[in-house]
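Below: the structure, in structure tokens.
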Amino acid sequence: MPILEVKDIRKSFGSTEVLKGISFSLEKGQVVSVIGSSGSGKTTLLRCLNFLETPDGGSIAVNGETIFDAADPAARREADIRRNRLHFGLVFQSFNLFPQYTALENVTLARKMLAKEEADYRDRKKELFAAIEDDARRLLARMGLADRMDNYPHQLSGGQQQRVAIARALALRPDILCFDEPTSALDPELTQEVLRVIRQLADDETTMVIVTHEMAFARDVSSRVIFMDGGVVVEEGDPHQVIDAPTQERTRRFLEGYSGKY
Amino acid sequence: MDQILQQMPIVLKALNVGFLQTLNLFFVTGLGAIPLGLVIAFGSMSRFKPLSILTRLVVWVVRGTPLMIQLLIIFYFPGMVLGSNIWGKGEAGRFLASAIAFIFNYACYFSEIYRGGIQSVPRGQQEAGLVLGMTKSQIFFKVTLLQVIKRIVPPMSNEVITLVKDTALARIIALQEIIWAGQSFLKGSHGIAGAIWPLFFTAVYYLIFNGIVTVLLGKLEKRLDYFR
């Protein structure tokens, strides 16, 4: 059973149809990279998965359970959406760390908020918070930030900030971790340090959907590559096949722009 | 000069009493307008169109007309036009009417500062909170609010300093604040008459108090300097 099954997702903004029926599925531990030019709908697709946009059509199932179905208005209840979001993590292009919190606090904040919803919160608050902080420290250490935990975001480089953001997303143990062009705001050197971390996550069999313009990275790290254009999936398959020997003319033209760069 | 020194203790005593009323109005206005401004800000940002349009209309009227006129209308309209003085008699009534006028007027100014502050926090902050499973109110109080406060401290400082001086407007309905107290020595009070200097001297009170306010707000601004 696939961990994620996306069926016929559609989304329009005004009269512009940005997603014209996107379907794909993902097995546990797989990495799928989504490539395509700007405006092809990649980011909107990720935002739909994380319910930052509500799809106009289609359905999303995680572990066989339908968590969103556009045909069912009950799926739009805010409390349900909030719970369903926790299946997914999202790492933004612009990091979006909370500036008033340290790296460690950024990673623990949401978990601590969620802990308040637990029945025995009052009795076990100290214990719960200690566990959350231990967990966050471990995650940050894994991101290579053991000595940066008490720094505020503005004291960190872009690459470090993005790694904190990855730790923050991982802290909630999402089933599927999504990346929205995670290195587009970074210079080549910092890009490599972030890609190294994502590669390490892939080696640990973290299920991921990665929207990226880093073709070499997509080819090396992915189980599958999806090429999107104009709101539809144009080509999908083995990363070497799609990137090195695309069958579609549109994919070829897109990849020509990257020739020699990966 | 000798005469001034002689009058000084009497005058200072009267001015102190007046300044206490000035401070009362200042603090009551602050306590009322700071939260009310937030309510008005949410009203003007509401996605329910009639509410946001109505709120913005009210803000426009309040910000577009002199506070002095608002004071006069609020104080005299109920009694002289509607025939029932809702404010009560004497100084307490004048203070209540002044406080209502000041709170409402300043809340409208504050609401615009809040609105600008809230809207200047990048959308990504809210989205980051949402994808982490936080509720909208958790996001507002734990993520957005402090960033808003940081952004609004400088413009709010300006308004607060203006408020210190604006309290003098309540003189128009004879609230016995410091200007009223200083002016009383012109006509004659406490055995002193025809003295203009007490009125001029009130400026020193405003100056010193605004000095304190400026230092405190500067400290607050510094304390929020730890993040960007």
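Chain letters run A, B, ... following the sequence lines, proteins first and then strands; every chain starts at 1.
For the options L130(B), L224(B), L146(B), heavy-atom pairs under 4.5 Å to chain A are most numerous at L130(B).
Within the 4.5 angstrom heavy-atom criterion, only side-chain atoms of L109(A), from C-beta onward, approach chain B. Residue F88(A) touches chain B through its backbone alone, counting heavy-atom pairs closer than 4.5 Å.
Here the side chains of F51(A) and V131(B) are not in contact, with every heavy-atom distance at 4.5 Å or above. Under the 4.5 Å side-chain criterion, counting only non-hydrogen atoms from C-beta, L132(B) is in contact with F98(A).
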Candidate polar pairs, chain A side and chain B side, donor-acceptor under 3.5 Å:
| from | atom 1 | to | atom 2 | distance (Å) |
| --- | --- | --- | --- | --- |
| R47(A) | NH1 | E127(B) | OE1 | 3.0 |
| R47(A) | NH1 | E127(B) | OE2 | 3.2 |
| R47(A) | NH2 | E127(B) | OE2 | 2.7 |
| R82(A) | NH1 | G133(B) | O | 2.7 |
| N96(A) | ND2 | G124(B) | O | 3.3 |
| L97(A) | O | Q125(B) | NE2 | 2.8 |
| Q100(A) | O | Y226(B) | OH | 3.4 |
| Q100(A) | OE1 | Q147(B) | NE2 | 3.3 |
| Q100(A) | NE2 | K142(B) | O | 3.4 |
| Q100(A) | NE2 | V143(B) | O | 2.7 |
| Y101(A) | OH | K142(B) | O | 2.6 |

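Identified under the ring pair (Phe, Tyr, Trp, His ring centres under 6.0 Å) test for residues 141-172 of chain B, with sequence neighbours left out: none.
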